[in-house]
Amino acid sequence: MSPMEFVDLRSDTVTLPTEEMLDAIRHAKLGDDVFGEDPTVKSLEELAAERMGKEAALLVTSGTQANLVSLMSNAQRGELVILESESHIYWYEVGGVAAIAGLLPWTLKSQFGAFDPEDVEAAIRPRNIHFPEPALVCVENTHNRHGGTIVAPKQLEAVSRVAKAHGLLLYMDGARIFNAAIALRVDVREFARHVDNLMFSLSKGLSCPVGSLVVGTAEFIEKARKNRKILGGGMRQAGIIAAPGIVALEKMVDRLAEDHANARFLAEGVSKIDGVKVDLKRVQTNIVLFDISSLGLADNQFIIKLEDKGVLALMHGTHVVRMVTHFGIEREHAEKAIAAVAAVVDDLRLNG
Ligand SMILES: Cc1ncc(COP(=O)(O)O)c(C=O)c1O
């Protein structure tokens, strides 16, 4: 919970470290990780690689840095990368894909984040003097802007087949991949096995203060380590960050199911309020999107009114509100959020 006892549903990034994480930080064995001497970082990287069924992993500062390092390590400047048109890399990472990695983003629309393999096939044009070399396909899982939707292992497999057939690599922005695995009740390796490499975040549903991991082959991670360094991401006693990451992987994964149950409860509650529309098919993990266009409010008016009732949310575009459940949000908080939305809608009706 945030200060002042607000119910903070803006993002799962607002989570604070658990007591066990703080203890782990206090007692972490440290060294200079740029010299490869931090034992806690090494343990986390080994654990992350093992959990994903890959050879190696690299701790980086953020999800954005993980994606950038991965783009740079999977493709050469001037090459083409196929991105989903609503993807985080395309929307929210300051255009680093073009500005720093030097890649040409080629966007494709999708159904809830999952590409139609035929669209991917069609986007990979034959090699020709006029065209950039296609190098990489990126998928996002769960898909943030689609509302935390899951790209199922079968769907990944189908895209992987197309990418492989044309000699392209497949990368997964798996910032919330553990949410997908818990929701489908499958091992996270079932997702990871279909992609060449991926990243996942520690600082979202897993409640760590900082950090993401890039995971893939040993050769890829060697390149990624160099690219992290060029971006200024070489960290010294990074065991301070890695220690809570180990706690997260051991203790915080299974509980994501509670966040999903609370998101479903919240979505169903909100969907019963007149004037609010929820596409319940999209509520597959911990994100709830609801459409308030019929209320006729501009800009941030709805969420400002919600804040007055003690609930924090974010706008997602001009007429969609986003709420995200996470560690620290219990059923009673979801109830409070439903009541707050209902009260804002009632006030609007009464006051015109
Ligand atoms: C799907 C996805 N990828 C990447 C990121 C970037 O992570 P960070 O905020 O740690 O840079 C986010 C953040 O919300 C995200 O939702």
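Both ligands and their constituent atoms are indexed starting at 1 by order of listing. These numbers come from the heavy atoms of this one structure, side chains and all, not from hydrogens, waters or symmetry mates. Remember, predicted model here, so these are calculated numbers, not experimental data.
In this view, I240 and I25, L30 satisfy the side-chain contact (heavy atoms from CB on, under 4.5 Å) rule, not counting sequence neighbours.
Proximity of F290 to I273: side-chain heavy atoms (C-beta onward) are nowhere separated by under 4.5 Å. In this structure, N141 and L156 have side chains that are in contact, with non-hydrogen atoms separated by less than 4.5 Å. Contact of the F220 side chain with the V215 side chain is not registered, since no non-hydrogen atoms from C-beta on lie closer than 4.5 Å.
With respect to H260, the side chain to side chain donor-acceptor pair (under 3.5 Å) criterion is satisfied by exactly one of N179, T325, N286: N179.
By the 3.5 Å distance cut-off applied to N or O atoms, S203 is not counted among the residues near ligand 1. When only interatomic distances are considered, the shortest N/O to N/O separation between T13 and ligand 1 does not fall below 3.5 Å. An N or O contact shorter than 3.5 Å links N144 to ligand 1 by distance. Where the criterion is an N or O separation shorter than 3.5 Å, residue side chain and backbone included, G63 meets it with respect to ligand 1.
Taking a cut-off of under 4.0 Å to the non-hydrogen atoms of N67, the atoms of ligand 1 that pass are 3 (N), 4 (C). Annotation for ligand 1: atoms under 4.0 Å from non-hydrogen atoms of S62 are 10 (O), 11 (O). For ligand 1, the atoms sitting less than 4.0 Å from at least one non-hydrogen atom of E140 are 1 (C), numbered in the order shown with element in parentheses. Here is the list of ligand 1 atoms found below 4.0 Å of a heavy atom in R176: 14 (O), 15 (C), 16 (O). If you number the atoms of ligand 1 from 1 as listed, the ones under 4.0 Å from a heavy atom of T64 come out as 6 (C), 7 (O), 8 (P), 11 (O).
Other residues, nucleotides and ligands contribute at most 12 non-hydrogen atoms within 6.0 Å of the OH atom of Y90.
Of the protein's non-hydrogen atoms, H88 CE1, 3.4 Å is the one closest to atom 6 (C) of ligand 1. The protein non-hydrogen atom at the shortest distance from atom 7 (O) of ligand 1 is K204 NZ, 2.9 Å.
R331 forms a cation-pi arrangement with F265, by the criterion of a distance under 6.0 Å to the ring centre and an angle within 45° of the ring axis.
Residue contacts with ligand 1 for M199 involve side-chain atoms from C-beta outward but no N, CA, C or O (heavy atoms, distance under 4.0 Å). Contact annotation: for D173 versus ligand 1, heavy atoms closer than 4.0 Å belong to the side chain alone. If you look at Q65 next to ligand 1, there are no close heavy atoms at all, none under 4.0 Å.
Residue H143 places no heavy atom under 4.0 Å from ligand 1.
A salt bridge links R282 and D279; the closest N-O separation between the charged side-chain nitrogens and carboxylate oxygens is under 4.0 Å. In this structure, E190 does not pair ionically with R185, as no charged nitrogen and carboxylate oxygen lie closer than 4.0 Å. Look at R255 and D259 and you find a salt bridge, because one of the NZ, NE, NH1 or NH2 atoms lies within 4.0 Å of a carboxylate O, short of that distance.
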